[in-house]
**Student:** 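My structure is below; once you've seen it, I'll send some questions.
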Amino acid sequence: MKFTVAELDQEAVDFDESLAPGMIDFVEEMRQVGPLHAAGRADLLKEHRGPQEIVADIRVRAALQTQMEVPCARCLEPVVEAVDTTFDLLFRPTGVDNDGVDRSITASETEIGYYEGDGLLLEDVLREQVLLALPAKVLCSEDCKGLCAECGRNRNTDPCTCATTPADPRWAALQALDLQARSRVKP
Ligand SMILES: [Zn+2]
Ligand SMILES: [Zn+2]
């Protein structure tokens, strides 16, 4: 779905879209599970920057819900993560802010992006918002044991013997000494 400046100049556009997996290209290691639902409004805001200069900004406000499958940060197994977010964004024409003047006038309420040509694709906005809404680190469970650093096996499902090799008793003795020494220097 594309919002064009010409169309928004006539009237605001209300949308209520359900996008099937595949309609938005996500980065390779993540996959949309089930439909992505987005409902909101796009309208045009005209910034009067001088007697001659009017900048046409596209504002998009919406609520968005979907489910994404992303790899666990430790064991790389797929994890389904729910995304449920709202956003309020302002898009300016590309290049209009290249005069070095700080224009972050209403940045407290709205964030600034840019659109190219005659308008903005809703799919592009949604892709970015889904990526922003996902946690930086997704875990399959809080106590995921991850992959073995020695043999690379998934230690949750395929316990290996590398990790269970008992530590050398001589090191254990040294560690005990070290702990004693440290507790002694404490005031
Ligand atoms: Zn995991
Ligand atoms: Zn191992």
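The structure presented is a predicted model; accordingly, all values stated were derived computationally and were not measured.
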**Student:** Do Tyr115 and Pro93 come close enough that some side-chain heavy atom pair is under 4.5 Å?
**Tutor:** yes
**Student:** Do Glu150 and Cys160 have side chains that approach each other closer than 4.5 Å (heavy atoms only, starting at C-beta)?
**Tutor:** no
**Student:** Under the criterion side chain to side chain contact (heavy atoms under 4.5 Å, CB included), I'd like the reasoning laid out for Lys46 against Asp9: C-alpha separation, chi angles, the key distance, then a yes or no.
**Tutor:** CA-CA 9 Å; Lys46 288 179 181 171; Asp9 199 24; 2.9 Å; yes
**Student:** Could you check whether any side-chain heavy atom of Leu126 comes within less than 4.5 Å of a side-chain heavy atom of Glu123, counting everything from C-beta outward?
**Tutor:** no
**Student:** Can you give me the closest heavy-atom contact between Phe15 and Ala38, atom names plus distance?
**Tutor:** CD1-O, 3.8 Å
**Student:** Is any side-chain heavy atom of Arg59 less than 4.5 Å from a side-chain heavy atom of Asp57?
**Tutor:** no
**Student:** Using the rule given for side chain to side chain contact (heavy atoms under 4.5 Å, CB included), can you reason through Glu29 versus Leu76, listing the C-alpha separation, both sets of side-chain angles and the distance that settles it, and then say yes or no?
**Tutor:** CA-CA 10 Å; Glu29 57 270 25; Leu76 308 179; over 6 Å; no
**Student:** Answer whether the closest heavy-atom distance between the side chains of Phe87 and Val125 falls below 4.5 Å.
**Tutor:** yes
**Student:** Is any side-chain heavy atom of Phe26 less than 4.5 Å from a side-chain heavy atom of Arg31?
**Tutor:** no
**Student:** Can you tell if the side chain of Thr85 reaches within under 4.5 Å of the side chain of Leu64, non-hydrogen atoms only?
**Tutor:** yes
**Student:** Roughly how far, to the nearest 0.5 Å, is NZ of Lys145 from CG of Asn156?
**Tutor:** 5.5 Å
**Student:** Quick check against the 3.5 Å criterion: does Arg74 have a side-chain atom that pairs as donor or acceptor with the backbone of Leu139?
**Tutor:** no
**Student:** If you look at every heavy atom in Met68 and Val33, which pair is closest and at what distance?
**Tutor:** C-CG2, 4.3 Å
**Student:** So, do Glu128 and Leu89 sit near enough that their side-chain heavy atoms are less than 4.5 Å apart?
**Tutor:** no
**Student:** One pair to check against side chain to side chain contact (heavy atoms under 4.5 Å, CB included): Asp43 and Arg61. What are the steps and the verdict?
**Tutor:** CA-CA 9 Å; Asp43 52 12; Arg61 285 166 280 180; 2.9 Å; yes
**Student:** Tell me whether Leu121 is reachable from Tyr114 by hopping between hydrophobic residues (I, L, V, M, F, W, Y) whose side-chain heavy atoms are closer than 4.5 Å.
**Tutor:** no
**Student:** When you look at Met1 and Leu19, which way does the side chain to side chain contact (heavy atoms under 4.5 Å, CB included) test go after all the steps?
**Tutor:** CA-CA 10 Å; Met1 180 177 198; Leu19 305 181; over 6 Å; no
**Student:** Quick one: do Leu90 and Leu132 end up in the same hydrophobic cluster if we chain Ile, Leu, Val, Met, Phe, Trp and Tyr together by side-chain heavy atoms under 4.5 Å apart?
**Tutor:** no
